[in-house]
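Step one of this worksheet: look at the structure below.
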Amino acid sequence: MTETRPAEYPKLENYTPSPFMLPTSHYDEAKANRAVRFIENLRHTKGKWAGKRFWLLPWQEQIIRDIFGIIKEDGTRQFHTAYVEIGKKNGKSELAAAVALYMLYADGEPSAEVYGAAADRQQASIVFDVANQMVQMSPALLKRSKIMAATKRVVNYSNAGFYQVLSAEVGTKHGLNVSGLVFDELHAQPNRKLYDVLTKGSGDAREQPLFFIITTAGTDRNSICYEMHTKSMDILTGRKIDPTFYPVVYGLELEDDWHNEENWYKANPSLGYTIKIDRVREAYQEALQNPAEENVFRQLRLNTWVNSAVAWIPEHIYDKGNTAIDERKLLGRECYGGLDLSSTSDITAFVLAFPPEHDGDPYYILAYFWLPEDTLDLRVRRDHVPYDVWRRQGYINVTEGNVIHYDFIEKMIIDLGKKFNIKEIGVDRWNATQMIQNLEAEGFTMVPIGQGMKDMSPPTKEFYKLLLEGKIAHGGNPVLRWMAGNVVVETDAAENIKPTKAKSTEKIDGIVATIMALDRCVRNQNAEKASVYDSRSLIIF
């Protein structure tokens, strides 16, 4: 008798391919159907569904169809890495085990080598044990397999392939010819060494290796998992591009109300199916009664990076300043500059801040950026940031060669000084002595600004306050917006704050330059009056 899908187990309706599918790729329904059919003929291994067919939930089927069905022109898969971040008990171990078995038995890869990895062998064995039981409950797979439970290895005789659990010792993993990798609970990795060994070059001899990473949120923002989380969020929000990387993140943002049950479904797409709402409610009540349990509940149940450094400027706050700017109306107006001079191979930023002329007017911000022309394409490939697109759109300038020529920047600042009335330019002292002298010789007033708490905290707090009030108009400059999303701030015991390049996820030069420009702007407003910083208490965050 044919087993049918239970009525309470929903199926994906109206599948739409991933928005990250390349224009040159296409969706191969036959290949997607093959993967879905294989997995749905496996058996659940736990709970009330144990022994029943593994009917994919909509979120799971979307992932499977995207990964195995989106194909490049040469017929190979577009996505090589899939990063799936989701709350616990959503069936991620079963999904990972099913993917491992498909890669071993049905992917058409001769001598397939599929590996399972985690922080330790015991953790990696969780997915393997599920896969082992799935094979035991599938006569068609079992008859072509040899299972070595003690060594955590399944051999597929039909293609001379195997699925093997790895221990965590990094030194023994070089030289693997990986066709498939299931990496469980990446957030528990103590460093990035094992991940790098298993993914950097290990699948080069394969036409279409797949690295399937599945994890809950972690707490360490300096980890490889947070790096992958950040990359995923950057791709999902359009701030980065990597056509080989497939990002899936189910979780709450820090600003989401974690007490609201409706928000719990954002982190738990299997809620009501593999997870009972009553269990989550019980965990929630424990979190309310024991403060030590709150972070655990939010991390594991709501998939929130509770202790990680998060972007200082929320997108919805920054986007208040997206008002279009007509540069022609700023010609001749008084303004103040901020210059963050990079090393010769990095991004240099120059920002002009125009103070309000009338009550209710915002501070207008114009931002200019430079990169060396010869390294632009390399940066696009390496950083997965669309510098080339921003250049074509006119938001990034390039200088000839593989290093930035400061005289080019000086000339542009001089030209800007002819268009606008630049009263002062705040500048980071580091590496800027010669440019300070050159611009002073051209008649500019240069004001060195230290990058410590004393100099940077007041304008940093003022900048955030003005953003909150919607009094910063930046025109939606995409480079500046990208940098705003990267900013992490340091806080000292006196609750002073400043942006930190060392701890920020990516480049923040434009925001640093904006803060310096705003510092000079605010301090010089109504020069006969006391500084705004002296006339009211500092804003404390």
Side-chain angles (χ1 to χ4, degrees), residues 5-6 8-12 18 35-36 39-40 42-50 52-67 82-102 116 118 123-124 126-131 133-134 182-188 212-219 225 228-229 232-233 236 246-253 256 258 260-284 286-287 295-306:
R5 178 187 291 267
E8 67 270 32
Y9 224 74
K11 181 175 175 59
L12 177 66
S18 166
V36 170
I39 292 173
E40 291 192 337
L42 298 172
R43 301 279 165 173
H44 278 288
T45 64
K46 298 176 182 176
K48 71 173 185 176
W49 300 107
K52 305 293 184 181
R53 283 181 61 178
F54 185 4
W55 301 110
L56 291 168
L57 288 169
W59 72 272
Q60 295 171 323
E61 186 173 343
Q62 179 76 42
I63 292 172
I64 296 303
R65 289 191 177 277
D66 283 344
I67 292 174
Y83 177 83
V84 181
E85 187 181 294
I86 193 169
K88 66 181 292 188
K89 302 301 181 184
N90 277 276
K92 63 183 179 64
S93 295
E94 283 76 10
L95 183 62
V99 168
L101 293 179
Y102 182 82
Q123 179 66 50
I126 293 175
V127 173
F128 175 86
D129 290 342
V130 173
Q133 292 180 59
M134 286 179 168
V182 172
F183 212 126
D184 192 24
E185 298 297 10
L186 186 64
H187 75 90
F212 191 79
I213 303 154
I214 196 156
T215 185
T216 52
T219 59
C225 190
M228 300 289 280
H229 168 85
S232 297
M233 296 307 298
L236 288 167
Y246 181 78
V248 177
V249 178
Y250 286 99
L252 267 64
E253 302 293 339
D256 289 335
W258 66 280
N260 186 345
E261 279 193 15
E262 292 183 7
N263 285 335
W264 297 353
Y265 289 85
K266 293 175 61 176
N268 298 282
S270 297
L271 191 55
Y273 306 107
T274 64
I275 309 173
K276 292 182 178 180
I277 186 67
D278 290 345
R279 295 289 179 88
V280 184
R281 287 171 180 159
E282 291 170 7
Y284 170 70
E286 291 177 6
N295 275 359
V296 175
F297 176 81
R298 296 179 70 186
Q299 176 200 349
L300 299 181
R301 291 290 189 176
L302 304 184
N303 202 51
T304 304
W305 285 80
V306 286

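Positions are given from 1 along the sequence.
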* Asked: Listed by chain and number, what are the salt bridge (Lys or Arg N to Asp or Glu O under 4.0 Å) partners of Arg301, not counting sequence neighbours?
  -> none

* Gap separating the CD atom of Gln62 from the CD1 atom of Ile67, nearest 0.5 angstrom -> 10.5 Å

* To do: Could you grab the distance from atom CZ of Phe212 to atom CG of Leu95, nearest 0.5 Å is fine?
  => 4.5 Å

* **Glu185: partners by salt bridge (Lys or Arg N to Asp or Glu O under 4.0 Å), with sequence neighbours left out** => Lys92

* Asked: Would you call Leu56 and Leu12 a side-chain contact if the rule is heavy atoms closer than 4.5 Å?
  -> no

* Non-neighbouring partners of Tyr250 that pass ring pair (Phe, Tyr, Trp, His ring centres under 6.0 Å), sequence neighbours left out -> Trp59

* To do: Would you please name every residue forming a side-chain contact (heavy atoms from CB on, under 4.5 Å) with Asp278, sequence neighbours left out?
  => Arg281

* Nearest-0.5 Å distance that lies between atom CH2 in Trp55 and atom CD in Glu61 -> 10.5 Å

* Asked: What residues, two or more places apart in sequence or in another chain, satisfy side-chain contact (heavy atoms from CB on, under 4.5 Å) together with Ala100?
  -> Val114, Tyr163, Val182

* **Parallel, tilted or perpendicular, as decided by the 30° and 60° cut-offs, for the rings of His229 and Trp305** => tilted

* **CG on Leu101 to CZ on Phe54, rounded to 0.5 Å** => 10.5 Å

* Where Ala97 and Met134 come nearest, the two heavy atoms and their spacing -> CB-SD, 4.2 Å

* Considering only heavy atoms from C-beta outward, does the side chain of Tyr102 approach that of Ile64 to under 4.5 Å? -> no

* **Leu42 and Glu94, any side-chain heavy atoms less than 4.5 Å apart** => no

* To do: Could you tell me the separation between the CG atom of Asn263 and the NZ atom of Lys266, rounded to the nearest 0.5 Å?
  => 5.5 Å

* Who are the salt bridge (Lys or Arg N to Asp or Glu O under 4.0 Å) partners of Arg5, not counting sequence neighbours? -> Glu40

* To do: Classify the angle between the aromatic ring planes of Tyr284 and Trp258 as parallel (below 30°), tilted (30 to 60°) or perpendicular (above 60°).
  => perpendicular

* Side-chain (Glu85) to main-chain (Ala217) donor-acceptor, under 3.5 angstrom -> no

* **Identified side chain to side chain donor-acceptor pair (under 3.5 Å) partner of Asn90 from the options Thr216, Asn303, Asn268** => Asn268

